[in-house]
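Below you will find the structure I want to go over with you.
Throughout, protein chains are lettered first and strands after them, A, B, ... in sequence-line order, and every chain is numbered starting at 1.
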There are 2 protein chains.
Amino acid sequence: MKQPPVPVKPWPESDPAVDALVTEVIGRVADKWTMLVLEVLADHSELRFTQISRLVPDVSQKMLTQTLRQMERDGLVVRTVFPVVPPRVEYRLTDLGLSLGAAFCGVWRWAEENLRRIEAARAEFDARQKR
Amino acid sequence: MKQPPVPVKPWPESDPAVDALVTEVIGRVADKWTMLVLEVLADHSELRFTQISRLVPDVSQKMLTQTLRQMERDGLVVRTVFPVVPPRVEYRLTDLGLSLGAAFCGVWRWAEENLRRIEAARAEFDARQKR
DNA sequence: CGGAATCCATAACGATACTG
DNA sequence: CAGTATCGTTATGGATTCCG
């Protein structure tokens with residue numbers, strides 16, 4: 001049985017204006033810290049600032065604040081401030097944030113499943129460069 | 001049969017070592033230019049350097065070269081050099097590259113479908129900041 | 001044509017100090 | 001606790017020039 005020449009056509013359309021916006025959104029959303037925060041929030045459903053900072057390895061306080069602010073601005077997380085001392089701030093994903101997590105799940109699994117292949121390709125490429 | 005409490009659990013495991021590698025791979029692969037090149041190559045199946053540069057808006061020659069090299073190193077594209085003058089170099093996606101395109105399709109569609117929601121969230125957030 | 005090499009501006013990020 | 005503000009460094013990307 002012959003397979004179709006192109007098994008998957010990933011992107012259905014190509015409106016340049018929409019493309020630019022989509023690219024910008026993906027660029028922001030595909031950020032390293034955003035994805036890691038998305039992961040821990042998807043796992044724990046609600047977390048305080050310091051809890052997130054402990055769960056996301058090597059994130060600086062500055063980057064975490066910045067990332068959470070952007071995610072809040074984009075409607076991915078809600079930030080709840082409890083007027084107590086010491087302050088208590090909780091973060092949780094919105095439905096939009098959850099749906100993004102689901103969408104990214106495919107990429108995450110792809111990366112997991114193909115780690116070896118990528119490492120092998122890199123090793124072979126690097127070996128060829130040395131010659 | 002009882003369904004699990006969390007409707008979607010995006011990430012099945014959490015091995016910190018694998019996590020770090022996956023994060024690194026995603027970080028590289030989720031790059032702006034990589035995604036755009038992936039898109040045009042998925043649409044055209046094989047392209048020359050200048051053709052890609054015309055199809056990807058605003059990409060500099062430096063970034064395009066760099067992106068293509070990384071993609072080649074990661075085993076996402078194959079680079080074929082024809083020994084003629086003037087030089088002719090063709091790029092096409094590998095199966096790995098195609099499968100990545102398919103995985104990213106979910107994120108791409110998510111971004112398209114939720115553009116409005118994100119813009120609305122941003123507008124509301126910005127309006128609240130001004131007060 | 002398809003790059004490589006260089007220079008340079010700026011954006012990104014980490015570390016530190018301070019605050020309600 | 002959950003940030004904000006500032007500073008210094010590093011990484012990134014554009015523009016330009018040159019080459020087989």
Side-chain angles (χ1 to χ4, degrees), chain A residues 20 23-24 26-37 40-41 44 46-74 77-92 125-126 128-131, chain B residues 20 23-37 40-41 44 46-74 76-92 125-126 128-131:
Chain A
T23 298
E24 188 261 346
I26 292 188
R28 166 144 311 164
V29 130
D31 165 72
K32 173 185 179 181
W33 299 125
T34 301
M35 283 194 309
L36 292 178
V37 170
V40 302
L41 281 179
H44 295 80
E46 70 200 0
L47 289 171
R48 299 179 60 175
F49 187 86
T50 34
Q51 291 181 311
I52 302 177
S53 71
R54 271 193 295 268
L55 288 170
V56 177
D58 298 328
V59 67
S60 68
Q61 165 267 340
K62 179 182 179 178
M63 292 314 329
L64 183 54
T65 301
Q66 197 176 107
T67 301
L68 286 170
R69 282 292 176 285
Q70 284 180 0
M71 293 177 74
E72 188 193 0
R73 186 170 112 96
D74 290 343
V77 303
V78 283
R79 175 172 176 270
T80 312
V81 182
F82 297 87
V84 296
V85 285
R88 177 187 186 88
V89 180
E90 283 191 351
Y91 294 90
R92 65 173 174 81
F125 182 89
D126 293 349
R128 242 186 297 165
Q129 295 316 84
K130 287 216 306 196
R131 287 182 290 172
Chain B
T23 299
E24 188 262 345
V25 166
I26 292 187
R28 165 145 311 164
V29 129
D31 165 73
K32 174 185 178 180
W33 299 125
T34 300
M35 284 194 306
L36 293 177
V37 169
V40 302
L41 280 179
H44 295 80
E46 69 200 1
L47 289 171
R48 300 179 58 177
F49 187 87
T50 35
Q51 292 180 308
I52 302 178
S53 71
R54 271 192 297 267
L55 288 169
V56 176
D58 298 329
V59 68
S60 67
Q61 169 264 332
K62 180 183 180 177
M63 284 293 96
L64 183 54
T65 301
Q66 195 175 108
T67 301
L68 286 170
R69 281 292 175 286
Q70 284 179 0
M71 292 176 75
E72 188 193 0
R73 185 170 113 97
D74 289 344
L76 301 178
V77 304
V78 283
R79 175 174 177 269
T80 312
V81 182
F82 297 87
V84 296
V85 283
R88 176 187 186 87
V89 179
E90 282 191 351
Y91 295 89
R92 64 172 175 81
F125 182 89
D126 293 348
R128 241 186 296 167
Q129 295 317 84
K130 287 216 306 199
R131 288 182 288 172

Item to check | Toward the 5' end of DNA chain D, by each residue's nearest nucleotide, A:Phe49 or B:Gln66 | outcome: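 Looking at the nearest nucleotide for each, A:Phe49 comes out on the 5' side.
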Item to check | Given C:dG2, D:dG14, D:dA2, the nucleotide with the shortest approach to the side chain of B:Pro87 | outcome: C:dG2
Item to check | Euclidean distance, atom CE of residue B:Met63 to atom P of D:dT16 [Å, nearest integer] | outcome: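 One finds 16 Å between P of D:dT16 and CE of B:Met63, rounded.
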Checklist entry - Just checking B:Tyr91: base, sugar-phosphate only, or nothing, at a heavy-atom cut-off of under 4.0 Å? => result sugar-phosphate
Checklist entry - When only distance counts, do a donor and an acceptor, one from the side chain of A:Gln61 and one from the base of D:dT4, lie under 3.5 Å apart? => result yes
Checklist outcome for this item: Interatomic distance, CG@A:Leu68 vs CE@A:Met63, rounded to 0.5 Å, equals 10.5 Å
Checklist entry - When the distance from CD of B:Gln129 to P of D:dG3 is rounded to whole Å, what number comes out? => result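 It is 12 Å, rounded to the nearest whole Å.
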Next on the checklist: Please report the distance, rounded to the nearest Å, between CD in B:Glu90 and C1' in C:dG2.
Outcome noted: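 After rounding, the reported distance stands at 13 Å.
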Item to check | Whole-Å distance separating the CG atom of A:Leu64 from the P atom of C:dG14 | outcome: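 Rounded to whole Å, this separation is 11 Å.
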Item to check | Closest heavy-atom pair and its distance - B:Trp33, B:Asp31 | outcome: N-OD2, 3.0 Å
Checklist entry - Starting at CD of B:Glu72 and ending at P of C:dG2, how long is that distance when rounded to a whole Å? => result 15 Å
Next on the checklist: Please tell me if A:Ser60 has a side-chain N or O lying less than 4.0 Å from either OP1 or OP2 of C:dA15.
Outcome noted: no
Checklist entry - In terms of side-chain heavy atoms of A:Arg48, which of D:dG14, C:dA4, D:dA2 is nearest? => result D:dA2
Checklist entry - Counting side-chain heavy atoms from C-beta on, which of D:dC7, C:dA4, C:dG2 comes nearest to B:Arg69? => result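 So the side chain of B:Arg69 is nearest to C:dA4.
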Checklist entry - For B:His44 and B:Leu55, which heavy atoms make the closest approach, and how far apart are they? => result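 That closest heavy-atom pairing would be CE1-CD1, 3.8 Å.
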Next on the checklist: Does a side-chain N or O of A:Arg79 approach OP1 or OP2 of D:dG3 to a distance below 4.0 Å, or not?
Outcome noted: yes
Item to check | Any donor-acceptor N/O pair, A:Thr34 side chain to A:Ala30 backbone, under 3.5 Å | outcome: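 Side chain of A:Thr34 to backbone of A:Ala30, a donor-acceptor pair under 3.5 Å: no, none is there.
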Checklist entry - Any side-chain N or O of B:Thr65 less than 4.0 Å from the OP1 or OP2 oxygen of C:dG2? => result no
Item to check | 5' precedence on DNA chain C between A:Trp33 and B:Val89 (nearest-nucleotide basis) | outcome: B:Val89
Item to check | Atom pair distance, as rounded to whole Å: CG in A:Leu68 and C1' in D:dT4 | outcome: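 Going from CG in A:Leu68 over to C1' in D:dT4 covers 15 Å.
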Checklist outcome for this item: Tightest non-hydrogen contact, residues A:Leu64 and A:Val59, listed as N-CG2, 3.8 Å
Checklist entry - Quick one: A:Lys62 NZ to D:dT10 P, roughly how many Å, whole number? => result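 To the nearest whole Å, that distance equals 15 Å.
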Next on the checklist: Which nucleotide wins on minimum distance to the side chain of A:Pro86, given the candidates D:dC1, C:dG14, D:dG14?
Outcome noted: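 Nearest nucleotide to the side chain: D:dC1.
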Next on the checklist: How many whole angstroms separate atom CD1 of B:Ile52 from atom P of C:dC1?
Outcome noted: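 To the nearest whole Å, that distance equals 14 Å.
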